[in-house]
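Report on the following structure.
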Amino acid sequence: MRRIGLLGGSFNPAHSGHRHVAEVALRAVRLDQVWLLVSPGNPLKPRAGMAPFAERLASARRISNGARILASDVEQRLGTRHTVKTLARLRQRFPREVFVLVIGADNMIQLPRWRRWREVLRLAPLAVLPRPGYTRRALRGQVASVLRHRRRKPALLRQGGEWALVPAAERSISATAIRSGALG
């Protein structure tokens with residue numbers, strides 16, 4: 001039974017911050033692999049300014065290492081755009097794997113906007129990485145209160161309904177800043 005971290009996103013473009021998150025999650029959560037799930041189209045983000053899927057997948061492949069950090073087009077192949085459907089189909093396809101959803105504190109705050117977010121929480125444990133300006137709000141937010149008695153050490157995450165704040169340095173790099181030319 002392998003432990004696989006799922007780090008989803010637009011990857012518009014993928015960058016060193018994504019690689020950092022994947023590397024930290026591998027160690028802290030004791031994952032066998034992290035899959036960079038390149039979204040064919042995030043329902044919560046505008047299409048304007050979104051690079052074509054092939055470009056975003058190529059940028060994710062550039063930051064992957066081909067062994068333990070892998071760029072994946074599985075959402076496009078499965079025809080899913082919502083995390084709840086992706087998790088359900090991955091669990092059907094790989095019933096012996098443990099999938100851990102790797103998210104930033106900013107996504108923990110907005111998780112209640114995701115389709116069937118409570119079901120997402122039941123399908124996979126959450127490994128939450130700090131993000132500047134978001135971590136404290138996430139720890140006091142709706143998701144943390146729903147899961148209040150299910151907080152674990154990162155390496156002990158096993159089943160849906162559990163979550164961990166992964167100790168890591170906060171990184172402010174973002175794809176938005178890269179696209180705007182603010183970062184290299």
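Counting begins at 1 with the first residue of the sequence. Atom set for the values below is all heavy atoms of this structure, side chains included, hydrogens, waters and symmetry mates excluded.
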Check whether any side-chain N or O of [X] sits under 3.5 Å from a backbone N or O of [Y] as a donor-acceptor pair, and report yes or no.
X: Arg19; Y: Ile63; result: yes
X: His82; Y: Val84; result: no
X: Asp106; Y: Pro132; result: no
X: Glu97; Y: Arg2; result: yes
X: Arg3; Y: Arg30; result: yes
X: Asn12; Y: Ala51; result: yes
X: Arg91; Y: Leu123; result: yes
X: Asn65; Y: Arg68; result: yes
X: Ser59; Y: Pro13; result: no
X: Arg148; Y: Ser145; result: yes

Of Arg122, Arg151, Arg152, the residue whose pairing with Glu162 passes salt bridge (Lys or Arg N to Asp or Glu O under 4.0 Å):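 For Glu162, the salt bridge (Lys or Arg N to Asp or Glu O under 4.0 Å) check succeeds only for Arg152.
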Could you measure the distance from the [atom1] atom of [X] to the [atom2] atom of [Y]? Nearest 0.5 Å is fine.
X: Leu156; Y: Lys153; atom1: CG; atom2: NZ; answer: 7.0 Å
X: Ile69; Y: Leu7; atom1: CD1; atom2: CG; answer: 9.5 Å
X: Leu87; Y: Leu6; atom1: CG; atom2: CG; answer: 6.0 Å
X: Trp163; Y: Leu139; atom1: CH2; atom2: CG; answer: 5.0 Å
X: Ser10; Y: Lys45; atom1: OG; atom2: NZ; answer: 4.0 Å
X: Arg62; Y: His18; atom1: CZ; atom2: NE2; answer: 13.0 Å

How far apart are the C-alpha atoms of Asp73 and Val38, what are their side-chain angles, what is the distance that settles it, and do they pass the side chain to side chain contact (heavy atoms under 4.5 Å, CB included) test? CA-CA 6 Å; Asp73 64 352; Val38 181; over 6 Å; no
Between [X] and [Y], what is the shortest heavy-atom contact and its length?
X: Trp117; Y: Leu111; value: CB-O, 3.1 Å
X: Val100; Y: Ala127; value: CG1-CB, 3.9 Å
X: Pro154; Y: Leu165; value: CG-O, 3.9 Å
X: Thr135; Y: Pro130; value: OG1-CA, 3.2 Å
X: Ala168; Y: Leu129; value: CB-CD2, 4.1 Å
X: Glu75; Y: Thr86; value: OE2-OG1, 2.7 Å

Would you kindly confirm whether Val29 and Leu26 end up in one hydrophobic cluster when ILVMFWY residues are joined by side chain heavy atoms under 4.5 Å apart?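 Yes, Val29 and Leu26 fall within the same hydrophobic cluster.
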Any non-hydrogen side-chain atom of [X] less than 4.5 Å from a side-chain atom of [Y]?
X: Met108; Y: Arg137; answer: no
X: Ser39; Y: Arg81; answer: no
X: Val21; Y: Val102; answer: yes
X: Leu70; Y: Val34; answer: no

Applying side chain to side chain donor-acceptor pair (under 3.5 Å), name anything that partners Ser64, two or more places apart in sequence or on another chain.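 Partners of Ser64 by the side chain to side chain donor-acceptor pair (under 3.5 Å) criterion come out as none, since no residue qualifies.
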Go through the steps to decide whether Arg89 and Arg77 satisfy the test side chain to side chain contact (heavy atoms under 4.5 Å, CB included), and finish with yes or no. CA-CA 11 Å; Arg89 291 199 182 149; Arg77 286 186 284 120; over 6 Å; no
If you measure only the distance, is there a donor-acceptor pair under 3.5 Å linking the side chains of Trp35 and Gln33?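 Their side chains do contain a donor-acceptor pair, which is all the 3.5 Å distance test asks for.
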Carefully, step by step, assess Ile4 and Asp32 under the rule side chain to side chain contact (heavy atoms under 4.5 Å, CB included). CA-CA 6 Å; Ile4 299 170; Asp32 295 297; 5.5 Å; no
Other residues, nucleotides, ligands: >12 heavy atoms within 6.0 Å of Arg115 CZ: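 It does not: Arg115 CZ has 12 such atoms or fewer within range.
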Crowded around Arg136 CZ? As in, over 12 foreign heavy atoms under 6.0 Å?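 Counting neighbours around CZ of Arg136, 12 or fewer heavy atoms of other residues, nucleotides or ligands fall under 6.0 Å, so no.
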Taking Val143 as the fixed residue, which of Ile109, Ile103, Asn107, Leu126 is the one that meets the side-chain contact (heavy atoms from CB on, under 4.5 Å) rule?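 Looking at Ile109, Ile103, Asn107, Leu126, the match for Val143 under the side-chain contact (heavy atoms from CB on, under 4.5 Å) is Leu126.
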So, using ring pair (Phe, Tyr, Trp, His ring centres under 6.0 Å) as the criterion, who are the partners of Tyr134 when residues are at least two apart?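 So Tyr134 forms no ring pair (Phe, Tyr, Trp, His ring centres under 6.0 Å) with any residue.
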